[in-house]
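Notes to accompany the following structure.
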Amino acid sequence: MAQGQQPILVLPEGTSRYLGRDAQRMNILAGKILAETVRTTLGPKGMDKMLVDSLGDIVVTNDGVTILKEMDIEHPAAKMLVEVAKTQEDEVGDGTTTAVIIAGELLKKAETLLEMEIHPTIIAMGYRQAAEKAQEILNDIAIDASDRDTLIKVAMTAMTGKGTEKAREPLAELIVDAVKQVEEDGEVEKDHIKIEKKEGAAVDDSTLVQGVIIDKERVHPGMPKKVENAKIALLNCPIEVKETEVDAEIRITDPSQMQAFIEQEEQMIRDMVNSIVETGANVLFCQKGIDDLAQHYLAKAGVLAVRRVKKSDMEKLSKATGANIVTNIEDLSEDDLGEAGIVSEKKISGEEMIFVEECKEPKAVTILVRGSTEHVVSEVERAIEDAIGVVAATVEDGKVVAGGGAPEIEVAKRLKDYADSISGREQLAVSAFAEALEIVPKTLAENAGLDSIDVLVDLRAAHEESPYMGLDVFDGEIVDMKEAGVIEPHRVKKQAIQSAAEAAEMILRIDDVIAASSSESDEDMGDMGDMGGMPPM
Ligand code: ADP
Ligand code: MG
């Protein structure tokens with residue numbers, strides 16, 4: 001056979017490959033499907049999704065990023081949109097659904113442009129120009145505010161329609177207090193706000209603790225349940241006699257030697273406990289284990305001790321009480337101790353927890369989230385996390401925008417004017433970008449059962465008067481969102497538009513998808529399966 005007739009295989013057999021328009025069409029479709037999935041959850045009137053994993057565990061949520069994380073997404077382009085949601089979550093903690101649906105809409109509009117034979121590079125360039133301009137416009141319409149009243153409104157807007165209804169206002173107060181408490185030099189470390197959840201009470205029974213709650217119990221029943229004016233030691237070494245590193249053999253020829261040996265070990269433990277007690281500590285949190293005998297001596301000395309505390313909790317305890325985490329028991333001194341008004345073990349719906357409360361100026365606090373069932377508590381927790389994110393962003397930036405689709409309509413309007421000033425085909429892409437932003441108010445209207453076309457027409461008209469006009473989804477009216485108290489951090493919108501544009505641009509620039517076959521990994525799995533057939537021991 002002549003050589004030229006042999007097919008040349010550059011890639012291994014089974015590799016799938018899509019080129020040019022096929023690649024674009026596929027990627028755009030995947031992105032659109034993903035955006036379509038989360039769309040129905042947008043806004044206060046958005047619906048929830050029930051996600052069931054392979055083990056049958058259920059999550060009921062309205063939170064964009066949670067839905068996308070729980071879904072097992074395969075398609076590479078769709079995965080890029082999931083990344084958009086995750087970035088939004090990390091950077092701001094809210095606006096995840098918004099970011100994804102804007103990205104989906106940008107892809108949809110790009111498809112129309114591609115059909116008009118506009119080159120993807122031109123579209124991508126137009127989108128980038130539009131995204132930059134959108135940031136300028138957002139800066140222009142942002143309102144400077146970070147007073148307490150604003151912060152509470154921002155928190156309430158983020159929680160609207162997320163299973164917190166009755167308790168929205170008290171929760172918002174609690175969240176603002178928490179964020180203000182941990183703020184240091186205008187920066188908020190969200191990790192310093194711990195969220196503990198326990199079902200079995202109403203949502204409005206949630207509380208803010210000026211300190212840390214540790215989901216553990218004291219190690220010994222003989223220890224006090226409650227210590228006032230606590231002096232707290234934090235240790236990250238075990239309180240036990242170290243095992244020898246090398247195997248050592250000890251030959252005992254006489255029972256008294258055995259006795260001496262045991263006594264010596266006991267003495268070592270007693271010394272360790274003594275050096276802790278001598279510093280004046282009456283509460284001890286240990287990241288590692290505490291030997292039985294040490295527990296006994298600590299109890300005798302009236303110390304409340306907790307063992308195997310998580311590293312992250314140790315750090316929070318340090319932030320809240322001012323204690324230093326000490327690695328060597330001998331190094332522990334009075335100066336390393338922290339303080340709390342009260343440390344106590346409390347029973348919360350049948351389970352013991354340690355409350356470290358009444359700390360002076362704590363830089364770590366805890367929100368104890370309550371709710372009737374596990375699913376309710378989890379959804380409320382997600383709403384609180386979003387709210388912490390938006391309050392923190394507002395404290396840090398001091399800038400907010402109106403909600404209810406107002407900024408999207410305003411940016412779209414000004415972008416359309418900007419498009420007119422551009423020559424060349426990018427103009428079409430900039431106009432498409434502007435229209436894509438209208439997906440936000442459009443979806444808010446649809447999810448509220450309103451006619452989206454009417455709403456858009458009314459909104460555009462209202463923006464001739466004021467940039468703050470948005471859709472009140474509860475009574476279907478177009479109102480001034482600033483006055484209605486529906487406000488969001490500036491950063492949420494900036495980030496959502498920016499990352500949606502970047503993802504769309506990246507997907508558009510792909511003209512070749514080369515995917516390795518996954519059959520090999522299936523074979524590996526088969527081999528593993530064979531191991532299951534090993535003869536029983
Ligand atoms: P995301 O994950 O993007 O934050 P949400 O489901 O939280 O999605 O919805 C956020 C959208 O809902 C924002 O556009 C916000 O302005 C809007 N929104 C919140 N409260 C109201 C309200 N009372 N009236 C109209 N729109 C609102
Ligand atoms: Mg939200």
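Remember, it's 1-based here, ligands and their atoms both numbered in the order they're listed. As the structure is a computational prediction, the values presented were derived from the model and not from experiment. Side chains are part of it too, since the values below use all heavy atoms of this structure and drop only hydrogens, waters and symmetry mates.
Per-residue contacts place Gly43 under 4.0 angstrom from the following atoms of ligand 1 (heavy atoms of the residue considered): 5 (P), 6 (O), 9 (O), 12 (O). Shown in contact with Asn62 at under 4.0 Å from a heavy atom are these atoms of ligand 1, numbered in order with element: 6 (O). Applying the 4.0 Å criterion to heavy atoms of Leu444 picks out, from ligand 1, the atoms 12 (O). Annotation for ligand 1: atoms under 4.0 Å from non-hydrogen atoms of Thr157 are 19 (C), 20 (N). In summary, the atoms of ligand 1 found under 4.0 Å from a heavy atom of Val473, numbered by their order in the structure, are 24 (N), 25 (C). The distance from ligand 1 to the heavy atoms of Gly403 drops below 4.0 Å at these ligand atoms: 16 (O). Proximity to Thr98 (heavy-atom distance under 4.0 Å) selects the following atoms of ligand 1: 1 (P), 3 (O). Atoms of ligand 1 lying under 4.0 Å from any heavy atom of Thr41, numbered from 1 in the order shown and given with element: 6 (O).
Residue contacts with ligand 1 do not include Met159, since none of its heavy atoms lies under 4.0 Å from the ligand. The shortest heavy-atom distance from Gly46 to ligand 1 is not under 4.0 Å. Judged by the shortest distance from any of its heavy atoms, Lys162 lies inside the 4.0 Å radius around the atoms of ligand 1. Proximity of Pro44 to ligand 1 is established by a heavy-atom distance of less than 4.0 Å.
Scanning the protein for heavy atoms near atom 14 (O) of ligand 1, the closest one is Lys493 NZ, 3.6 Å. Of all protein heavy atoms, the one closest to atom 2 (O) of ligand 1 is Thr97 OG1, 2.7 Å. At the shortest separation from atom 25 (C) of ligand 1 among protein heavy atoms lies Leu471 O, 2.9 Å.
Around atom CZ of Arg460, more than 12 heavy atoms belonging to other residues, nucleotides or ligands sit under 6.0 Å away. Atom CD of Glu74 has 12 or fewer heavy atoms from other residues, nucleotides or ligands within 6.0 Å.
A donor and an acceptor atom, one from each side chain of Thr61 and Glu379, are located under 3.5 Å apart. Asn139 and Lys399 are not linked by any side-chain donor-acceptor pair at a separation below 3.5 angstrom, with hydrogens and angles left out of the test. Between the side chains of Lys49 and Thr40, at least one donor N or O lies within less than 3.5 Å of an accepting N or O. At a cut-off of 3.5 Å, with distance as the only test, no side-chain donor of Thr373 or His375 sits close to an acceptor on the other residue.
A side-chain donor-acceptor contact under 3.5 Å links Asn447 to the backbone of Leu42.
Salt bridge status for Asp94 with Arg382: absent, with no side-chain N to carboxylate O gap under 4.0 Å. Contact check on Glu410 versus Arg414 returns a salt bridge, with a Lys/Arg side-chain nitrogen under 4.0 Å from an Asp/Glu carboxylate oxygen. Salt-bridge check for Glu105 with Lys442: failed, with every basic side-chain N at 4.0 Å or more from each acidic carboxylate O.
Atom CG in Leu508 sits 5.5 Å away from atom CD1 in Ile28 (nearest 0.5 Å).
Looking at Asp94, its N, O or S atom nearest to the Mg ion (ligand 2) turns out to be OD1.
Scanning Val486, Ile101, Asp94, Leu42 for the heavy atom closest to atom 8 (O) of ligand 1 points to Leu42. When the heavy atoms of Pro407, Ala445, Gly404, Ala448 are ranked by distance to atom 26 (N) of ligand 1, first place goes to Gly404.
Here Asp63 fails the criterion, with no N, O or S atom under 2.8 Å of the Mg ion (ligand 2).
Considering backbone and side-chain atoms alike, Glu488 places an N or O below 3.5 Å from some N or O of ligand 1.
The only option from Gln24, Arg25, Lys32 that meets the side-chain hydrogen bond (donor to acceptor under 3.5 Å, both in side chains) definition with Glu111 turns out to be Lys32.
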